Amino acid sequence: MAELNKSYSPQGVEEKWYAYWLAGGYFIADPGADSAPYSVVIPPPNVTGSLHMGHALNTTLQDILVRWKRMSGLSVLWIPGMDHAGIATQNVVERQLASEGVDRHKLGRDAFIERVWKWKDEYGGKIIHQLKSLGASCDWSRERFTLDKGLSEAVIEVFVSLHEQGLIYRDNRLINWCPRCHTALSDIEVEHEELEGRLTHIRYPLADGGGHIVVATTRPETMLGDTAVAVNPEDERYRDMIGKMVRLPLTGRKIPVIADDAVDAGFGTGAVKVTPAHDFNDEAIAKRQSPPLEFITVIGPDGSMTEAAGRRYAGMDRYDCRKTVIGDLEHEGLLEKQEKYQHSISQCYRCKTVIEPLSALQWYVKIKPLAEEAIAAVRNNRITIIPKTWENTYFSWMDNINDWCISRQIWWGHRIPAWYCGACGEVIVSRTTPAKCTKCAGTELRQDEDVLDTWFSSALWPFSTLGWPEKTPELQKYYPTSVLVTGFDIIFFWVARMIMMGLKFMTEIPFRDVYIHALVRDASGQKMSKSKGNVIDPLIIMEKYGTDAFRFTLAVFAAQGRDVRFSEERVEGYRHFVNKLWNASRFILSNAGEAKLPETVGFERLDLGSRWIMSRLAAAADEMRISLEEYRFNDAAGSIYHFIWHELCDWYIEMVKPLLYSETEDKQAVQECLLYVLDNTLRLLHPFMPYVTEEIWQNLCEGRRMKEDGGKSIMIAPYPRSLARDAESEEEMSVIMETVMGIRTVRGELNLSPSLELNVYIRTLLEKTGDILNRNLIYLKKLAKAEVKAIGDDLKKPKGSAAAVRKYAEVYVPLEGLLNIDLEVERLKKEEAKADETISFLSRKLNNEDFLKRAPKDIVEKEREKFDECIRKKERIREHIGKLCEARGEQ
RNA sequence: AGGCUCGUAGCUCAGGGGGAGAGCGCUACCUUGACACGGUAGAGGUCGGCGGUUCGAAACCGCCCGGGCCUACCA
């Protein structure tokens, strides 16, 4: 065996084992396997992306599940891949072009797309390497990209098929337009932000000269496109004006005063200017009127004013125009006032540019019929959302869902499979490029210039990545997938749409569970963002503390329903844990002698400590399994942490040292037990800390495996389960532990040197105690540095002794010559006071008739026992104090 | 405006009807042959406030205060 270094350093280790796993093909799924499937599709990161904390958490949690299931014997497939991120990627490449003084229109569509692919090959997919360094055990042989040939075919199939079923249609209405990205966006791609703006009050003179009507607006520049002023029909103030005309300032146009219920008489002046072409509300009002109001588009796709805005304003940027309009109104004496006003503005989720509602012809998915089934799937628990509280979010969105605008005016993406006939205007939607018009047989066909929303293709991800529409073995074996692990921010973008599409095209849910994990924030709870400058780069953390410590920290933080506040100190803390494990392993391996790693260890030949640690190992394994089954990653991590540090290291390793350093018959059994426990511990921990566990495990196995037939890697070693518990040794061990801690408390509280061996007398209070202690004196000697002088149930406390009073026993430490007795008296008085508090609390409770009558019997019984126990304890403490005072008097 | 969520040790957070837990930090002592990235013993908390339900509330319910988030077409 190679000598292990004194402390663990991850450098080199991580790369080595990742390469080893890849070479061994351990990540690769076998659809032909007999074992039950467990499959996960990664939420595909953007091709433009680089690893952030969110990815790190997301990937770590999936990897934990996947490694755990793989070790548990399931046929595991974890599909990785990336999303082509239409708008984001196009933006990146357009910026690149701009720096060369070119724009995409100059370049032309084909050349541009070629350029994006080139970019993708060169820079895209950085994140894939980063996922690998996190340890992600994805099946890279099945990596997919949303613009792959296969996935593109799936997209076309779905589009055409939905169109055939009347679920995709084309319509002209207001859309969310990003003037910078130059494309339409769906409702959920728009972010709302509360900002302080201004509410401008403008006078619109009545055309008949009889006064004016004041309207209030946050967007004065749109007045140039007003086609009405609306008031509430019930509003007495304006009732007479309905039907009259007003003169629209700065334009000379005359527009009517109309009535509409949507107007809130209590807001502003109670009169609203109506700009149907630039406001969603106004559009609705316009369409409700009969005849419908006119739409005048005064702002163009680039965010500047159109000719229709008037010669003075045409070509102006919309914000410059706002200033100009206000100035002009003021000049004409029509500006009533401007007041500060808090309101929310809509911005593009990619570039934060303020959205401009524009009227345009776009493609839509008719969503209600799809949503109904998707709602039902969650309602009937065919799909479980964990934590359950996110179901509310899902339902409330799905219940109020609007049709999905899926066309984007960009080039990078799946081009819409629709063609327009130049001769007759027919729209032909087709899986293949049509040769001639289906209506007039004209050959002058032009394909739609637009591409589909990126999310349209990612909605198909759970089955398109498995080969659909082909009937592949993968699809057969691994659909539906087992779980989707993701953040809440994309419940709408994906989860909901994946469910709709899965149900529609596979007639089956896409995943059984949806695990919604937290958002990673900075230490003060702020969302990490580049603009705030509070981003912590996971790669730097991994470099600094090691990937294992980082992953473990994420897992420990990942409690359900709460966001993660990331703090570097905790990563450091868990790096210490990695090092602790490393050193414990180092100890075990260097003290295992010639022992082989046994496949099982029989309890009968083991000492108490070994039986105890075996039982505790079993307990930890059970806890971890239950926790992982319920996606309680933090609890699973906590269990193994506690086991390794506070049971294996603090107690077991310490207590077997005397055995290992001597030549007793028990020695080999202990060595085997140590190896066995280490082996199982590493396997339990492996899903959380893949690298260090592999590194140690390989050292452990070298030359020590009884059989050489398996064990190439810990990642395919069986996950421990159903190990045997042993209640008796746990019970016995707790007697030892209590006793040891009693002696240590005396030592610590009285400040006796750790190197000083103490003479100890023990009075046993339970029948079994004496026997247990007598059989295990060696542990007391080692763990408490105590020489036990006498044990007995009628033992008298030696004069001038300190005492520790426990449930099973009282421990006496004669202090003669060790220190002054005053200190011990003081300490005991503190204990007495504590006991008094407990006694008074419990007696109040036990004197309460209602409690005795109504509380469950076993609780009452337990409280009574506690009370009795406490009374006895107090008596004993008093006794000790008395004796010490006596002794002091004699001194 | 609705909805969700959080408030527990100095800090970051678990827990959850039967007198409070972890990590880090802090104090004292300790270079004991795995580990000072360590060991032992401690200190430290009216579990945000007020009501209610209950024999019993930090936990369940209501209100309030204070954070955070998500939805929504009040111009």
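Treat the numbers as computed from the prediction; the structure is a model and nothing was measured. We name chains A, B, ... by the order of the sequence lines, and we start the count at 1 in each one.
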Given B:rC69, B:rA75, B:rC24, identify the nucleotide with an atom nearest to the side chain of A:T217. B:rA75
If you look at every strand shown and take non-hydrogen atoms under 4.0 Å, does A:D264 touch a base, only sugar-phosphate, or nothing? base
I'd like to know if the side chain of A:R173 reaches the main chain of A:E283, judged simply by a donor and an acceptor atom lying under 3.5 Å from each other, with no hydrogens or angles considered. no
If you measure only the distance, is there a donor-acceptor pair under 3.5 Å linking the side chains of A:Y349 and A:E191? no
Closest to side chain of A:R744, choosing from B:rA75, B:rC4, B:rU40: B:rU40
A:N591 CG to B:rU32 C1', in whole Å, measures 15 Å
Taking the side chain of A:F488 as heavy atoms from C-beta outward, which of B:rC70, B:rG23, B:rC73 is closest to it? B:rC70
What distance, rounded to whole Å, do you find between the two P atoms, one in B:rG62 and one in B:rG3? 12 Å
Tell me what A:F557 touches on the nucleic acid: a base, only sugar-phosphate, or nothing, going by heavy atoms under 4.0 Å. sugar-phosphate
Can you measure A:E849 atom CD to B:rU54 atom C1' for me and round it to whole angstrom units? 17 Å
A:S753 backbone acceptor or donor facing A:R747 side chain under 3.5 Å: yes
Checking contacts here: which listed nucleotide (B:rG39, B:rG18, B:rC35) is nearest the side-chain heavy atoms of A:D650? B:rG39
Do A:Y652 and A:L674 come within less than 4.5 Å of each other through their side chains, counting heavy atoms only? yes
Rounding to an integer number of Å, can you tell me how far A:I516 CD1 sits from B:rC4 C1'? 14 Å
I want to check one thing: is the phosphate of B:rC74, taken as OP1 and OP2, less than 4.0 Å away from some side-chain N or O of A:H343? no
Euclidean distance, atom CG of residue A:L783 to atom P of B:rU40 [Å, nearest integer]: 10 Å
At under 4.0 Å, does any side-chain N or O of A:W645 touch on OP1 or OP2 of B:rG39? yes
When all nucleic acid strands are considered with a 4.0 Å heavy-atom cut-off, which category describes A:H646: base, sugar-phosphate, or nothing? sugar-phosphate
Less than 4.0 angstrom between a side-chain N/O of A:R854 and OP1 or OP2 of B:rC55, yes or no? yes
Just to be sure I understand the rule, does A:K580 reach a base, reach only the sugar-phosphate, or reach nothing, if contact means heavy atoms closer than 4.0 Å? base
Would you indicate what A:F267 reaches in the nucleic acid, counting non-hydrogen atoms under 4.0 angstrom: base, sugar-phosphate, or nothing? base
Using atom types as modelled and distance alone, determine if a side-chain donor or acceptor of A:N583 lies under 3.5 Å from a backbone N or O of A:N579. yes
Quick one: does any side-chain atom of A:D403 pair with a main-chain N or O of A:I367 as donor and acceptor, under 3.5 Å? yes
Reckon A:T218 touches a base, only the sugar-phosphate, or nothing at all at heavy-atom distances under 4.0 Å? sugar-phosphate
Does A:S396 reach a base, just sugar-phosphate, or nothing at all? Heavy atoms under 4.0 Å. nothing
Can you tell me which nucleotide in B:rC13, B:rC69, B:rG18 comes closest to the side chain of A:R570? B:rC13
For a quick check of understanding: with a heavy-atom distance under 4.0 Å over all strands, which category does A:H642 fall into, base, sugar-phosphate or nothing? nothing
Determine the interatomic distance between C1' on B:rC60 and the same-named atom on B:rA34; round to the nearest Å. 48 Å
What is the separation between atom CZ on A:R173 and atom P on B:rC73, rounded to the nearest whole Å? 14 Å
Compare side-chain N and O positions of A:H576 against OP1 and OP2 of B:rG38 and report whether any pair is under 4.0 Å apart. yes
For the side chain of A:N583, counting heavy atoms from C-beta on, which of B:rA75, B:rA34, B:rA41 is nearest? B:rA34
Atom CZ of A:R747 and atom C1' of B:rA41 are separated, to the nearest Å, by 11 Å
Counting the atoms with a prime plus P, OP1 and OP2 as sugar-phosphate, which does A:Y661 contact under 4.0 Å by heavy atoms, base, sugar-phosphate, or nothing? base
Are more than 12 heavy atoms from other residues, nucleotides or ligands located less than 6.0 Å from atom CD of A:Q11? yes
Expressed in whole Å, how much space separates the C1' atoms belonging to B:rG21 and B:rU8? 10 Å
Could you tell me how far B:rC37 sits from B:rG15 if I compare only their P atoms? Round to whole Å. 31 Å
Is there a donor and acceptor pair closer than 3.5 Å between the side chain of A:K6 and the base of B:rC35? no
What's the CD1-P distance between A:I188 and B:rA72, to the nearest Å? 10 Å
Assign A:R575 to base, sugar-phosphate, or nothing according to its heavy-atom contacts below 4.0 angstrom with the strands shown. base
Distance, C1' atom - from B:rG68 to B:rA59, rounded to whole angstrom: 22 Å
Taking CZ in A:R198 as the centre, count heavy atoms belonging to other residues, nucleotides or ligands within less than 6.0 Å. Is the count above 12? no
Give one of base, sugar-phosphate or nothing for A:E654, where a contact means two heavy atoms less than 4.0 Å apart. base
Tell me: CE of A:M737 to P of B:rU40, nearest whole Å? 11 Å
